[in-house]
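Following: one structure in structure tokens, then a few remarks.
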There are 2 protein chains.
Amino acid sequence: MRSYRQYCSVAKALDVLGERWTLLIVRELLAQGACRYTDLRRGLPGIATNLLADRLRELEAAGIVEREDAPPPVATTLFRLTERGAALEPVIRALGRWGTPLMRADAPGDRFRGHWLTLPVSMFLADRTPHEPSTTVEIRAADEIAVIEAAAGAVTLRTGVPSRADAVVTTSPQLLLSVLSGHMGIQEATRRGLTLQGSRAALERVLPEAPVTV
Amino acid sequence: MRSYRQYCSVAKALDVLGERWTLLIVRELLAQGACRYTDLRRGLPGIATNLLADRLRELEAAGIVEREDAPPPVATTLFRLTERGAALEPVIRALGRWGTPLMRADAPGDRFRGHWLTLPVSMFLADRTPHEPSTTVEIRAADEIAVIEAAAGAVTLRTGVPSRADAVVTTSPQLLLSVLSGHMGIQEATRRGLTLQGSRAALERVLPEAPVTV
DNA sequence: CCGGATCCGGGTTGATACTG
DNA sequence: CAGTATCAACCCGGATCCGG
């Protein structure tokens with residue numbers, strides 16, 4: 001392991017986390033939970049498979065990741081964060097918060113994954129009518145499908161197609177983030193290409209009332 | 001600039017901050033404030049001068065650092081964080097907090113600088129007797145000299161020799177951190193080689209009552 | 001399909017020397 | 001003081017291959 005050799009806790013943290021891809025692997029395990037090697041590759045478009053294998057070994061040696069040979073019917077290796085690894089959530093959140101303004105720039109070639117919405121959803125959204133029955137909004141952006149659920153004061157995100165949705169939003173990732181962060185109204189977003197089917201109220205239930213400043 | 005090309009705020013942040021040395025340069029500018037190229041080099045032992053020049057250019061292009069040609073009598077270039085750069089403090093603090101447990105491991109070859117104590121001081125120490133007149137403790141560790149001042153409920157660190165000190169602590173960086181974090185008592189530290197001259201109460205005024213868990 | 005290992009070309013890093 | 005220039009070594013990304 002290459003080290004900065006500085007007796008400073010920031011440098012020590014970066015000795016372990018500072019290499020390329022390492023913190024993004026942690027992001028994946030925070031957003032997806034325990035998952036397979038192949039799921040990690042899907043969530044890290046652009047990574048070379050040898051680098052993913054290397055990093056997972058290093059993270060395991062550092063006590064951040066543990067691997068588990070899942071029994072049948074899964075019959076595969078699962079990678080999960082240890083407690084020490086889960087303690088990196090504040091680091092990932094701080095980075096994501098700081099990086100949020102960079103999301104407004106146009107980025108044509110960027111890849112997108114639905115579960116990356118986990119962090120923005122937790123930062124921007126809230127259940128504004130906690131006493132009403134739960135509602136779900138299906139999100140379709142860049143061929144990814146996810147579901148935002150509002151229930152009893154909590155807003156959660158999960159990936160995959162819901163069995164039932166009160167509303168379906170189809171849009172680009174950029175427009176979606178503008179709307180979720182409250183910087184663009186639904187009406188304006190619709191003019192720019194977002195489509196909303198079903199209950200508009202189900203979407204408005206979770207949106208911020210004013211643009212969220214991060 | 002190499003990019004992950006992922007439409008995710010964490011990846012966007014790491015596009016800008018993820019290269020080797022970049023976040024340590026930010027740490028330096030947070031801890032030292034505006035400073036000269038040479039001061040940065042002193043605070044970043046191990047960095048190659050061409051890398052420092054490269055990173056400063058990149059940070060300037062990203063709007064994180066700005067350079068200012070200071071007028072006489074300074075007559076030199078000063079580097080300082082922009083507002084956007086100062087907004088990285090939560091990132092540095094989160095990394096430093098997570099990295100703190102790594103400081104207990106023995107690290108024989110590590111370099112140390114007095115101003116790196118800024119973060120631990122703000123995390124661990126508090127003025128336990130805010131109504132008493134201010135006191136200062138001179139810290140001598142690994143040929144670096146710094147001063148911890150307790151005044152009116154606030155604890156601050158500065159580097160350099162104080163004009164007057166109520167106490168003088170001479171020790172190794174490791175022992176010092178153990179004491180400041182409350183994991184080792186003064187008595188035990190003294191047995192292990194720490195020396196305390198002057199007012200023991202001046203040191204105890206700022207120490208935590210119990211080991212700080214981070 | 002899963003979880004990698006291996007090989008290779010090119011880019012990045014780090015040490016040293018040097019300069020206006 | 002604030003950097004450039006140079007160069008060897010290393011790391012990264014892409015492609016390919018391989019044992020379960």
Side-chain angles (χ1 to χ4, degrees), chain A residues 1-6 11 14-25 28-29 32 34-62 65-80 109-111, chain B residues 1-6 11 14-25 28-29 32 34-62 65-80 109-111:
Chain A
M1 177 185 78
R2 178 147 56 162
S3 169
Y4 288 106
R5 317 222 66 181
Q6 295 184 357
L14 290 172
D15 280 348
V16 179
L17 307 169
E19 270 179 313
R20 200 162 163 74
W21 291 108
T22 302
L23 279 169
L24 292 187
I25 294 173
E28 283 304 302
L29 290 168
Q32 298 199 47
C35 57
R36 297 172 301 175
Y37 190 86
T38 307
D39 301 326
L40 286 171
R41 284 189 67 173
R42 256 212 98 254
L44 295 163
I47 197 172
T49 173
N50 57 341
L51 277 192
L52 178 54
D54 287 353
R55 293 290 177 275
L56 284 172
R57 257 192 304 274
E58 292 160 9
L59 285 168
E60 203 180 353
V65 163
E66 58 192 3
R67 73 182 72 202
E68 171 199 350
D69 289 324
V74 189
T76 184
T77 312
L78 286 183
F79 297 88
R80 71 172 74 249
D110 282 8
R111 267 78 54 105
Chain B
M1 178 185 78
R2 177 147 56 162
S3 168
Y4 288 108
R5 317 222 66 181
Q6 296 184 357
L14 290 173
D15 280 348
V16 179
L17 307 169
E19 271 179 313
R20 199 162 164 76
W21 292 106
T22 302
L23 280 170
L24 291 187
I25 294 173
E28 283 305 301
L29 291 167
Q32 296 200 48
C35 56
R36 297 170 301 175
Y37 190 86
T38 307
D39 300 327
L40 286 172
R41 284 188 68 175
R42 257 212 98 253
L44 294 163
I47 197 173
T49 175
N50 56 347
L51 276 193
L52 177 54
D54 287 353
R55 293 292 176 275
L56 284 171
R57 257 192 305 274
E58 292 161 10
L59 285 167
E60 203 179 350
V65 163
E66 58 192 2
R67 72 181 73 200
E68 171 200 351
D69 288 325
V74 188
T76 184
T77 311
L78 287 184
F79 297 88
R80 71 172 74 249
D110 282 8
R111 266 79 51 110

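In what follows, every chain begins at residue 1, and chains take the letters A, B, ... in the order their sequences are listed.
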Tell me whether the OP1 or OP2 atom of [N] has a side-chain N or O from [X] closer than 4.0 Å.
X: Thr77(A); N: dC2(C); answer: no
X: Arg67(B); N: dG3(D); answer: yes
X: Arg2(A); N: dG14(C); answer: yes
X: Arg55(B); N: dG3(D); answer: no
X: Arg41(A); N: dG14(D); answer: no
X: Arg57(A); N: dG4(C); answer: no
X: Arg36(A); N: dC2(C); answer: yes

### Task
Pick out which of Leu52(A), Thr77(A), Leu78(A) makes a side chain to side chain contact (heavy atoms under 4.5 Å, CB included) with Tyr37(A).
Leu52(A)

Write down the distance between [atom1] ([X]) and [atom2] ([N]), rounded to a whole number of angstrom.
X: Glu58(B); N: dG11(C); atom1: CD; atom2: C1'; value: 13 Å
X: Arg20(A); N: dT12(C); atom1: CZ; atom2: C1'; value: 11 Å
X: Glu19(A); N: dT13(C); atom1: CD; atom2: C1'; value: 12 Å
X: Phe79(B); N: dA2(D); atom1: CZ; atom2: C1'; value: 7 Å
X: Gln6(B); N: dG13(D); atom1: CD; atom2: P; value: 11 Å
X: Leu52(A); N: dG3(C); atom1: CG; atom2: C1'; value: 10 Å
X: Asp69(A); N: dG20(D); atom1: CG; atom2: P; value: 15 Å
X: Tyr37(A); N: dC1(C); atom1: OH; atom2: C1'; value: 14 Å

### Query
Parallel under 30°, tilted from 30 to 60°, perpendicular over 60°: which one fits the rings of Tyr4(B) and Trp21(A)?
perpendicular

### Query
With the threshold set at 4.0 Å, does a side-chain nitrogen-carboxylate oxygen contact exist between Arg42(B) and Asp39(B)?
no

### Query
Are Arg57(A) and Glu60(A) close enough for a salt bridge, meaning some N to O gap below 4.0 Å?
no

### Task
Would you mind reporting whether Leu24(B) and Gln6(A) have side-chain heavy atoms less than 4.5 Å apart?
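In short, these two side chains touch, coming nearer than 4.5 Å.
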
### Non-hydrogen side-chain atoms of Val16(A) and Thr22(A) separated by less than 4.5 Å
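No, side chains not in contact.
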
### Residues touching DNA chain C, which here means a heavy atom under 4.0 Å, drawn from residues 42-51 of chain B
Gly46(B), Ala48(B), Thr49(B), Asn50(B), Leu51(B)

### Query
What is the minimum heavy-atom distance between Leu17(B) and Leu23(B), and which atoms define it?
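Leu17(B) and Leu23(B) have their closest heavy atoms at O-CG, 3.8 Å.
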
### Message
Pick the closest DNA chain C nucleotide for Ala53(A) and for Tyr4(A) by heavy atoms, then say which residue is nearer the 5' end.
### Response
Ala53(A)

